[in-house]
Amino acid sequence: MLSIYNTLTGKKEPFQSLQLKTVRMYVCGVTVYDYCHIGHARSALVFDVIRRYLEFSGYQVDFVKNFTDVDDKIIKRANERGVSCDVITAEYIEAYYQDMGKLGVRRATNEPKATQHMAEIIELVATLIQKGLAYQVAGDVYFQVDKYPAYGRLSKRKLEDLLAGARVDVDERKRHPMDFALWKSSKPGEPSWESPWGPGRPGWHIECSAMSMRHLGETFDIHGGGMDLIFPHHENEIAQSCGATGKEFARYWVHNGFVQINQEKMSKSLGNFFTIREIFEKSEWPDDITGEMLRYFLLATHYRGPLDFSDHAIQEAKQALDGFYDLFHRLAEVESQSTGDQRLGEAIRRVREQFTQAMNDDLNTPMALAAFQKLRSDVNKLVEQGLSTQARQQARAAFRELGSVMGLFQLDTWRFNPVRIQESQIISVQDEERAGVKGSLSDTNIDSKLAERNEARKQKDFKKADEIRQFLASHGIVIEDKPDGTSRWKR
RNA sequence: GGCGCCGUACCCAAGUGGCUAAGGGAGCAGUCUGCAAAACUGCGAUGCAGCGGUUCGAACCCGCUCGGCGCCUCCA
């Protein structure tokens with residue numbers, strides 16, 4: 001049974017969905033005015049894994065993740081470029097799908113946009129006014145926080161405390177300094193929608209209340225997002241939603257920790273953030289491998305803790321994955337020995353048990369990875385003892401199945417060496433290879449070189465054998481000799 | 001000023017009251033090997049920022065101190 005940390009109660013709780021076999025989950029997506037950075041990646045990935053694990057556990061997951069496509073920053077960006085907001089949002093939604101796609105983040109079952117829910121938003125604002133929880137000032141509508149007694153229950157703050165720390169000049173027209181906008185009248189040139197309060201656009205928080213209710217109902221199971229959304233965004237969502245319906249809103253509030261650079265939060269003002277596409281562009285590995293490296297890196301720390309991003313950390317993830325794919329490489333070979341076969345079932349049963357236990361404990365992905373490492377070690381030993389072709393396939397399938405929950409171990413080919421094109425390093429080149437680019441040797445080329453080398457080894461011509469190895473190494477090919485005199489290779 | 005987080009070996013990172021403090025990387029030693037790679041075996045924190053307290057028992061609970069950070073304004 002899954003236990004999950006609930007920000008609302010401040011402790012781990014057994015997870016129980018409202019409907020028997022369905023989980024309804026809403027996650028705050030991104031405001032589409034720029035490329036996503038590694039912090040967005042973490043958030044998207046964490047909830048992607050929660051979703052996958054719930055599905056793995058037998059639930060159907062109705063997963064809603066929004067795009068905020070009306071916002072000050074979008075308007076600003078549109079004005080800078082002299083285009084409409086639609087152009088900006090369309091561009092960055094597309095970029096989002098590209099970047100998250102490379103990371104293997106699955107699309108939510110529903111990905112609504114604020115601009116497509118104006119009717120629901122306006123209706124919700126009207127309800128709040130009607131209930132006396134919101135008031136109109138000129139063309140603006142504000143939520144009156146002191147009319148909602150439970151205000152602050154998510155972020156554990158008191159209204160008085162918030163006032164003391166207020167860093168912004170208070171708008172004189174507000175009844176209470178912490179009141180926040182539900183509807184903003186539009187200035188000329190800004191996108192606007194007709195409303196009972198005049199032309200305007202929604203405040204930031206109201207869209208999530210409106211869209212989650214529209215797609216998941218008034219009360220649903222999980223609401224998530226980054227830690228920074230706890231206040232004010234989620235606090236305000238609760239006030240609006242509960243205020244309007246008189247019912248509980250989301251039951252489990254789940255928040256992921258930040259990605260940091262050198263112990264500091266990434267931010268544009270510090271200039272210390274990395275976009276996802278920048279990371280892929282700079283990577284010396286193919287996209288599918290870079291994506292898996294990033295996933296491994298992001299999941300190697302518990303989702304609620306802080307996570308420091310660095311090249312070194314990414315390389316460690318690569319090394320860890322190399323170990324797994326090295327094993328998968330060997331598992332793909334044909335073998336008739338089967339001494340180790342009978343022990344395999346036990347090892348797989350154990351990893352399944354450990355994996356489930358780890359994930360059930362508040363999605364402890366680092367512990368789940370440790371379980372995979374244990375299986376890797378076990379299977380390596382069994383391979384040494386002799387594992388039949390069939391058992392090898394069974395082992396590979398186990399990694400693939402459990403790994404799929406974290407989006408790992410799904411690739412059929414892997415690269416152990418970066419592809420570096422440096423002509424000057426070519427050592428001995430024969431005509432047919434001279435034409436080719438470094439690192440682009442075909443499999444048949446490699447196989448024939450290898451056959452040549454093994455013939456030389458048989459003749460004890462180790463000088464020639466080493467030359468061939470060196471030649472292949474310069475193309476990023478590593479040879480591993482097997483006890484039986486044949487060799488395997490990897491790139 | 002309020003709310004909160006983090007500090008575990010060279011690095012990353014689980015564990016949050018009770019067997020020998022997971023796991024990975026790096027390192028060292030060994031097995032295997034023509035060499036190599038991979039794999040395997042062994043070594044590695046008598047201690048979990050520091051001090052004090054609670055307890056039969058604490059890295060885990062409480063208090064204080066030190067160091068680092070976040071939120072309270074848009075932010076994953």
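Model, not experiment: these values are computed from the prediction. Every chain is numbered from 1, with letters handed out A, B, ... down the list of sequences. Every heavy atom of this structure was used, including side-chain atoms; hydrogens, water molecules and symmetry mates were not.
Candidate nucleotides B:G24, B:C72, B:A38 were compared by shortest atom distance to the side chain of A:Glu316, and B:G24 ranks first. The A:Val30 side chain lies nearest to B:A76 when the options are B:A76, B:G24, B:A38. In this structure, of B:G34, B:G70, B:A13, it is B:A13 that holds the atom nearest to the side chain of A:Pro366. Side-chain proximity of A:Ala320 to the nucleotides B:A38, B:G24, B:G70 is greatest for B:G24. When each of B:A76, B:A13, B:G25 is scored by its nearest atom to the side-chain atoms of A:Val259, the top-ranked nucleotide is B:A76.
Annotation: B:U41 and B:G50 have their C1' atoms spaced 39 Å apart (nearest Å). Taking the C1' atoms as reference points, B:C6 lies 14 Å from B:C48, given to the whole Å. Remark: the separation of the P atoms in B:U16 and B:A37 is 39 Å, to the nearest Å. A gap of 23 Å separates the C1' atoms of B:G67 and B:C61, to the nearest Å. Of the P atoms belonging to B:U46 and B:C62, the separation is 26 Å, rounded to the nearest Å.
Residue A:Asn380 places none of its side-chain N or O atoms closer than 4.0 Å to OP1 or OP2 of B:A38. Here A:Gln315 does not reach the OP1 or OP2 of B:G25: none of its side-chain N or O atoms lies under 4.0 Å away. Distances shorter than 4.0 Å separate some side-chain N or O of A:Lys381 from OP1 or OP2 on B:U41. For A:Lys156, no side-chain nitrogen or oxygen approaches OP1 or OP2 of B:C71 to under 4.0 Å.
Counting atom types as modelled, A:Gln373 pairs no side-chain N or O with a base atom of B:G24 as donor and acceptor under 3.5 Å. Between the side chain of A:Asp466 and the base of B:G34 there is at least one donor-acceptor pair of N/O atoms closer than 3.5 Å. The base of B:C35 sits within donor-acceptor range of the side chain of A:Asp481, with an N or O pair under 3.5 Å. Between the base of B:A36 and the side chain of A:Arg469 there is a donor-acceptor pair shorter than 3.5 Å.
When Watson-Crick and G-U wobble pairs are counted only if both distances are under 3.5 Å, B:U46 pairs with no nucleotide at all. Remark: B:C5 base-pairs with B:G68. Criterion, Watson-Crick or G-U wobble with two distances under 3.5 Å. When both distances must be under 3.5 Å, the Watson-Crick or G-U wobble mate of B:G23 is B:C12. Pairing for B:C61 goes to B:G53, judged as Watson-Crick or G-U wobble with the two contacts each under 3.5 Å. Base-pair partner of B:G30: B:C40 (Watson-Crick or G-U wobble, both distances under 3.5 Å).
Atom CD of A:Glu384 is separated from atom P of B:U33 by 12 Å (rounded to the nearest Å). Between A:Arg491 atom CZ and B:A38 atom P the separation is 19 Å, expressed in whole Å. In this structure, NZ of A:Lys318 is placed 24 Å from P of B:C11, rounded to the nearest angstrom. The separation between A:Phe180 atom CZ and B:C74 atom P is 11 Å, rounded to whole Å. Atom pair A:Tyr303:OH and B:A76:P shows a separation of 19 Å (rounding to whole Å applied). One atom, CG of A:Asp378, and another, C1' of B:G23, lie 13 Å apart when rounded to the nearest Å. A:Arg304 has its CZ atom 15 Å from the C1' atom of B:A13, to the nearest Å. Summarising the geometry, the separation between CD on A:Gln385 and P on B:C40 is reported as 12 Å, rounded to the nearest angstrom.
Remark: A:Gln260 CD to A:Met266 CE distance equals 9.5 Å, nearest 0.5 Å.
Judged by a 6.0 Å distance limit and a 45° cone about the ring axis, A:Arg77 is not positioned over the six-membered ring of A:Tyr33. Note that A:Lys490 lies outside the cation-pi zone of A:Trp414, set by a 6.0 Å cut-off to the ring centre and a 45° limit from the axis.
At least one side-chain heavy atom of A:Thr365 sits less than 4.5 Å from a side-chain heavy atom of A:Met359. At a threshold of 4.5 Å between non-hydrogen side-chain atoms, the residues A:Phe220 and A:Phe249 count as touching. Between A:Lys73 and A:Val32 there is no side-chain heavy-atom pair separated by less than 4.5 Å.
Among the heavy atoms of the strands lying under 4.0 Å from A:His312 are primed sugar atoms or P, OP1, OP2 only; no base atom is included. No contact: A:His233 has no heavy atom under 4.0 Å from any strand.
Both A:Gln260 and A:Ala300 sit near RNA chain B, but only A:Ala300 has its closest nucleotide nearer the 5' end.
The existence of a salt bridge linking A:Glu452 and A:Arg457 is excluded, since no basic side-chain nitrogen approaches an acidic carboxylate oxygen closer than 4.0 Å.
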